[in-house]
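All remarks here apply to the structure that follows.
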Amino acid sequence: MVNGRTVLERFPAGGPRGSWPAEEFAYARRQEGVPAEVVMDLATDTFLVILRGADGVGVD
């Protein structure tokens, strides 16, 4: 967990489809009842799919 957020998945911002893979992943998690959202990590130039304030298992 970083800053009260659990990172579920990371997607490179430089990909040809931009944020679409991250948005699709987050959408699929939301369909499962997981309140996932996409944010941009400017320091690493990646889109992160996160859970805010979650204590769940994820990749930090």
Side-chain angles (χ1 to χ4, degrees):
M1 186 175 321
V2 177
N3 296 327
R5 301 173 190 152
T6 298
V7 178
L8 299 178
E9 191 66 62
R10 300 170 190 271
F11 296 87
R17 296 180 61 218
S19 67
W20 289 0
E23 294 291 352
E24 290 169 348
F25 183 86
Y27 175 78
R29 300 300 71 78
R30 289 192 297 269
Q31 294 301 305
E32 297 169 350
V34 178
E37 61 183 281
V38 177
V39 296
M40 176 69 179
D41 181 359
L42 295 175
T44 62
D45 196 31
T46 56
F47 291 106
L48 306 176
V49 178
I50 66 165
L51 298 177
R52 289 191 191 269
D55 290 331
V57 176
V59 179
D60 287 343

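Atoms CZ and CG, from Arg5 and Leu48 in turn, are 9.0 Å apart once rounded to the nearest 0.5 Å. For the atom pair CZ of Arg29 and CG of Leu51, the computed distance is 10.5 Å after rounding to the nearest 0.5 Å.
Of all non-hydrogen atoms in Thr46 and Pro12, the two that sit nearest each other are CG2-CA, 4.3 Å. Looking at every heavy atom in both residues, Arg30 comes nearest to Glu37 through NH1-CA, 4.3 Å. Heavy atoms only, all atoms of each residue included: Phe47 and Ala22 are closest at CB-CB, 3.8 Å.
Linking Ile, Leu, Val, Met, Phe, Trp and Tyr whenever their side-chain heavy atoms come within less than 4.5 Å puts Met40 and Val38 in one cluster. Put simply, Val34 and Val49 are part of the same group of oily side chains (I, L, V, M, F, W, Y) that touch within less than 4.5 Å, one to the next.
Counting heavy atoms from C-beta outward, Phe25 and Leu8 have side chains that approach closer than 4.5 Å.
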